[in-house]
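We use all heavy atoms of the structure for the numbers below, so side chains are in, but hydrogens, waters and symmetry mates are not. Residue numbering restarts at 1 for every chain, and letters A, B, ... go by the order of the sequence lines.
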Protein chains: 2
Amino acid sequence: MDRKQEIITAATRSFSLFGYKATTMDQIAKIANVGKGTIYTFFENKEVLFQEIVLRMIAEMKQEATNVIKEDRTFQENAHLALMKMLEFRETHQLFAKIVDEEKDLRTPTVQQVLKQVEYAIVSFVKVKIDKYIEKGEIRQVNSELVAYLLLKAYLAFVNDWNITHDQSLSEEEISHIIQDTIFRSLLI
Amino acid sequence: MDRKQEIITAATRSFSLFGYKATTMDQIAKIANVGKGTIYTFFENKEVLFQEIVLRMIAEMKQEATNVIKEDRTFQENAHLALMKMLEFRETHQLFAKIVDEEKDLRTPTVQQVLKQVEYAIVSFVKVKIDKYIEKGEIRQVNSELVAYLLLKAYLAFVNDWNITHDQSLSEEEISHIIQDTIFRSLLI
DNA sequence: TTTGTGACCAAAATGTCCAAATGGTCATTT
DNA sequence: AAATGACCATTTGGACATTTTGGTCACAAA
């Protein structure tokens with residue numbers, strides 16, 4: 001089978017299971033049934049491999065979100081469906097937050113660069129969707145970049161931060177409802 | 001002068017200057033011109049002393065936020081002013097700034113716990129205000145705790161986080177405007 | 001010739017001491 | 001009765017030894 005794909009699969013499993021630091025290149029090579037050197041023929045180093053995997057996950061989520069959106073539905077319906085779809089990845093998002101937090105002291109510019117990139121990818125994606133509905137006249141003319149940024153931060157707050165200070169995490173329905181009730185509602189004409 | 005007050009003053013200065021971990025009980029005793037044992041006749045231990053001091057800061061924060069609120073203003077205006085005032089504490093109060101820094105790169109458990117208390121205090125404060133305006137009939141019947149939480153996180157995102165990924169920070173007017181446009185708007189009857 | 005590999009290396013992480021520092025106590029002083 | 005600081009048990013941090021790990025490359029396999 002394709003060696004690169006084997007490596008990506010193994011690395012994804014390992015990073016998801018043990019986090020970034022606790023995953024070793026030897027481990028990935030072993031799981032992928034590949035020599036360690038082989039990994040380095042496809043990926044420059046561990047950081048780049050991780051980055052590649054994160055980028056793929058984002059691409060997958062973008063795809064899923066896109067699939068769920070139907071042109072003939074209202075903004076509210078599509079926004080709700082897209083949000084619920086994203087909440088299906090909730091555990092992945094929580095894990096990612098954990099890894100980022102775990103690596104907080106590793107304030108290397110490279111790590112920061114990746115985070116910036118991830119944030120930009122998500123915000124851009126959401127911004128485009130918002131702009132489309134503004135053009136359609138379904139929602140008000142707002143600063144779509146700021147709204148996209150707020151949506152991301154609000155989502156992360158309810159999915160990740162809430163658990164830090166509360167021992168019962170919010171259900172998907174509660175998260176969807178509160179965002180629906182505040183941000184989405186504000187955007188309607 | 002009152003020995004307890006001397007201790008509190010000395011401890012506040014020391015915590016503000018050096019943070020929690022780097023402040024020693026000997027140091028506090030020396031600054032307060034008091035025997036170390038005396039501290040323990042007023043405060044059970046270092047942690048309790050620290051909490052007492054942060055509690056005083058929280059009380060001050062609440063007071064300042066309360067002072068900013070005027071009954072004849074709209075909910076949006078009051079909420080904005082109060083939240084901005086509380087977030088400003090990071091710049092105006094050395095103790096708060098020091099604590100935030102220490103939580104970020106030392107991860108001191110006591111400091112983490114105390115910061116949770118600060119967050120809880122702010123959210124509770126905002127929640128009470130929301131409830132009052134719900135009763136007044138100015139805003140819709142929403143889950144006030146979740147809305148308060150969202151408001152705090154939204155302001156934190158725009159006031160603090162935005163600068164991390166963008167080199168131009170947002171003006172107070174821009175922040176006020178975007179929150180009005182995305183959250184406050186949905187709350188109005 | 002091209003692709004894959006694992007022994008090898010420098011660097012980073014982890015473990016091990018041990019002396020210095022620190023939180024907390026309590027017999028003694030005021 | 002209130003205050004104190006010498007004292008103690010525990011923790012911390014620094015120096016050093018040991019292990020682990022990311023990354024390389026000479027060599028093997030295809």
Going from CD on A:E138 to CG on A:L188, what distance comes out if it is rounded to the nearest 0.5 angstrom? 8.5 Å

Nearest to side-chain heavy atoms of B:T41, which nucleotide of C:dG6, D:dT4, C:dG23: D:dT4

Let me know which of B:K116, B:E119, B:Q117 forms a side chain to side chain donor-acceptor pair (under 3.5 Å) with A:T165. B:E119

Classify B:K46 by what it touches in the nucleic acid, base, sugar-phosphate, or nothing, heavy-atom distance under 4.0 Å.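 Result for B:K46 = sugar-phosphate.
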
Counting any heavy atom closer than 4.0 Å, what does A:T24 reach on the DNA or RNA strands: base, sugar-phosphate only, or nothing? sugar-phosphate

In this structure, how many angstroms lie between the [atom2] atom of [N] and the [atom1] atom of [X], rounded?
| X | N | atom1 | atom2 | answer |
| --- | --- | --- | --- | --- |
| A:M25 | C:dA13 | CE | P | 16 Å |
| A:F42 | C:dT3 | CZ | P | 9 Å |
| B:N45 | D:dT10 | CG | P | 17 Å |
| B:Q27 | C:dG24 | CD | P | 15 Å |
| A:I39 | D:dT21 | CD1 | P | 14 Å |

Closest non-hydrogen atom pair between B:I179 and B:F158, with its separation: CD1-CD1, 4.1 Å

Check whether any side-chain N or O of A:R3 sits under 4.0 Å from OP1 or OP2 of C:dT3, and answer yes or no. no

Counting only side-chain nitrogens and oxygens, does B:T38 get under 4.0 Å of the OP1 or OP2 atom of D:dT4? yes

